[in-house]
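Before any comments, here is the structure.
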Amino acid sequence: PAEAACGAGAGGVTAGFRMTARAAARFGVTALVVLAIAGLAACGDRHDALPPPAAGLGLPPLEGVPPSAAQVELGRQLLFDRRLSFNGTMSCAMCHVPEEGFASNVSRLAVGIEGRSLRRNAPTVLNVACVRELFHDGREPSLEAQAWSPLLHPHEMANPSPGHVLARLRALPEYAGRFERAFDGRGPSMDTVGAALAAYERSLVAADSRFDRWRYGGDVQALTPLEQRGFELFTGAARCSTCHRVGERDAPFTDHRYHA
C-alpha cells in the first residue's frame, strides 16, 4: 500500500481530476464536464516496460540511478508471488491489481490474508516513484522500507519475521542466483528484497496521456473543446488545482500534503 500516484495517467485519475457532482453543481459545472476531465488521464498508460522507463511527458524527472532490468524483473516476480505470504495465498498484486490501475477499486477496503478486511483501501502504485511520503499517513520515506510493512503485517501477508520470508526465498529454486545476478553477488536480504520490489514499482510509469500531450507536448488538438473548458474550470473557478497541482512542466495532481 503505497500512497496515491502523482502522474496524469490512469493511476492519476483518483489523485487528480476527481470532482463530485455536488461540487460541480456548486460551481455550475455540468456532470458531463466533470466526466470529461476525469477521463483525460486514462490514455497513454505505460506500466510494464523493460528496461525501466525514464519519467515520461507530464511527470517530473525521476531522482537517483535507474534500476537495472534484472532488478525490475526480479521485483516483478516478487510482487506477483503468493508464496511471499505466510500461507502462500496472498501476493502484493492481489491488492495492487494491474487491471485496476495497480490499485484495489472493486472493494472499499483492501482484503488481506484469509479474507481479513483491512482498515484502508490500497491506492495505486502507478507513478509511485514521484511520491515523497508513503502510506496514507506518510510514515515511510522510501519504497525500499515500505515494501516490508505488508509482508509482516498480521492482516496482510502475515509473515512472522523478515527471516521467515528470506528463508522461504532461499529455498525456492526459481530464485536461485536471481538476487546475486541483480545485485552484484548479494543474495536475498532485507535490503535486496526491498530494493527489488522498489525497482519494479519505480518502473510503473503512467504518462504521455492526451492531457500531457496537450499541456506539455504542444498538441492543441489532443483535448476536445469541452475538455479544455473543463481544465479552465479545474484551474480556475472550481479551484481544484489548489490541491491537485498542475505545474508549468509537469502535473503531479497532488500537493503532497494531508487534508482532512
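The two residues M157 and S91 have their closest heavy-atom pair at CE-CA, 4.0 Å. Listed here is the closest heavy atom pair of G194 and A147: CA-CB, 4.3 Å. Summarising the geometry of A199 relative to V72, their closest heavy-atom pair is O-CG2, 3.7 Å, with the distance given to 0.1 Å. For the pair P154 and A158, the tightest heavy-atom approach, listed with the atom from each and the gap, is O-CB, 3.5 Å.
Looking only at distances, a side-chain donor or acceptor of N121 sits under 3.5 Å from a matching main-chain atom of R108. Here the side chain of D212 pairs no donor or acceptor atom with the backbone of A207 at under 3.5 angstrom. Here the side chain of T192 pairs a donor or acceptor atom with the backbone of G187 at under 3.5 angstrom. Checked by atom type and distance alone, the side chain of R168 pairs as donor or acceptor with a backbone atom of S85 at under 3.5 Å. Between the side chain of R170 and the backbone N or O of P188 there is at least one donor-acceptor pair closer than 3.5 Å. Distance alone, capped at 3.5 Å, is enough to place a donor-acceptor pair between the H96 side chain and the P123 backbone.
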ask   = Would H155 and S117 count as a side-chain contact (heavy atoms from CB on, under 4.5 Å) if you check the C-alpha gap in whole Å, the side-chain angles of each, and the deciding distance to 0.1 Å?
value = CA-CA 8 Å; H155 293 166; S117 182; over 6 Å; no
message = Set out, in order, the CA-CA distance, both residues' side-chain angles and the distance that settles side-chain contact (heavy atoms from CB on, under 4.5 Å) for V106 and E100, then state yes or no.
response = CA-CA 8 Å; V106 173; E100 298 178 26; 3.0 Å; yes
ask   = Stepwise, does the salt bridge (charged side-chain N to carboxylate O under 4.0 Å, His left out) test hold for R181 with E73?
value = CA-CA 12 Å; R181 289 192 292 273; E73 178 56 29; over 6 Å; no
key: Verdict with reasoning, L197 to L78, per side-chain contact (heavy atoms from CB on, under 4.5 Å)   = CA-CA 7 Å; L197 285 166; L78 291 170; 3.7 Å; yes
query = Going through the distances and angles, do T242 and R239 end up as a side-chain contact (heavy atoms from CB on, under 4.5 Å)?
reply = CA-CA 6 Å; T242 302; R239 300 178 62 192; 3.8 Å; yes
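Y175 and D81 share a donor-acceptor pair across their side chains, judged by distance under 3.5 Å alone. If you check the side chains of Q77 and R178, you find a donor sitting under 3.5 Å from an acceptor. Between the side chains of E248 and Y216, no donor-acceptor pair is found at a separation under 3.5 Å. A donor and an acceptor atom, one from each side chain of N87 and T89, are located under 3.5 Å apart.
Counting only heavy atoms from C-beta outward, the side chains of N159 and L152 approach each other to under 4.5 Å. Proximity of P60 to C130: side-chain heavy atoms (C-beta onward) are separated by under 4.5 Å at one or more points. At least one side-chain heavy atom of S107 sits less than 4.5 Å from a side-chain heavy atom of S104. Side-chain contact between W214 and D219: absent, with no pair of heavy atoms (C-beta onward) separated by less than 4.5 Å. Considering only heavy atoms from C-beta on, M190 comes within 4.5 Å of W148 through its side chain. Contact of the L143 side chain with the L134 side chain is registered, since non-hydrogen atoms from C-beta on lie closer than 4.5 Å. Put simply, the side chain of R120 reaches to within 4.5 Å of the side chain of D137, judged on heavy atoms. Between E174 and R83 the shortest side-chain heavy-atom distance falls below 4.5 Å.
At a threshold of 4.0 Å, the pair E201-R76 does not count as salt-bridged, since none of the basic side-chain nitrogens sits closer than that to a carboxylate oxygen. Remark: E156 does not engage R116 in a salt bridge, criterion side-chain N to carboxylate O under 4.0 Å.
Residues F135 and L118 fall into different hydrophobic clusters, defined by Ile, Leu, Val, Met, Phe, Trp and Tyr side chains chained together at heavy-atom separations under 4.5 Å. L109 and V97 fall into different hydrophobic clusters, defined by Ile, Leu, Val, Met, Phe, Trp and Tyr side-chain heavy atoms under 4.5 Å apart, directly or through other members. There is a path of hydrophobic side-chain contacts, each under 4.5 Å, that joins V128 to F80. The cluster map of Ile, Leu, Val, Met, Phe, Trp and Tyr, joined by side-chain heavy atoms under 4.5 Å apart, puts V111 and I113 in different clusters.
With values rounded to the nearest 0.5 angstrom, R132 atom CZ is found 11.0 Å from R257 atom CZ. Taking CZ of R215 as the reference point, atom CD of Q228 lies at 11.5 Å (rounded to 0.5 Å). Separating the CZ atom in F253 from the OG atom in S241 is a distance of 9.5 Å, to the nearest 0.5 Å. The distance from atom CG of N105 to atom CD of E99, rounded to the nearest 0.5 Å, is 11.5 Å. Within the model, atoms CD of E144 and CG of D191 stand 9.0 Å from one another, a figure rounded to the nearest 0.5 Å. A distance of 5.0 Å separates CG in L169 from CG in L84, rounded to the nearest 0.5 Å.
Between L223 and the options R210, R229, R213, a side chain to side chain contact (heavy atoms under 4.5 Å, CB included) holds for only R210.
A ring-centre distance under 6.0 Å is not found for F211 and F234. For an aromatic pair to be called close, the ring centres must be under 6.0 Å apart, and F86 with H164 satisfies this.
Under the rule for a salt bridge (charged side-chain N to carboxylate O under 4.0 Å, His left out), E63 has no partner lying at least two apart in sequence or in another chain.
More than 12 non-hydrogen atoms from other residues, nucleotides or ligands lie less than 6.0 angstrom from CZ of F183.
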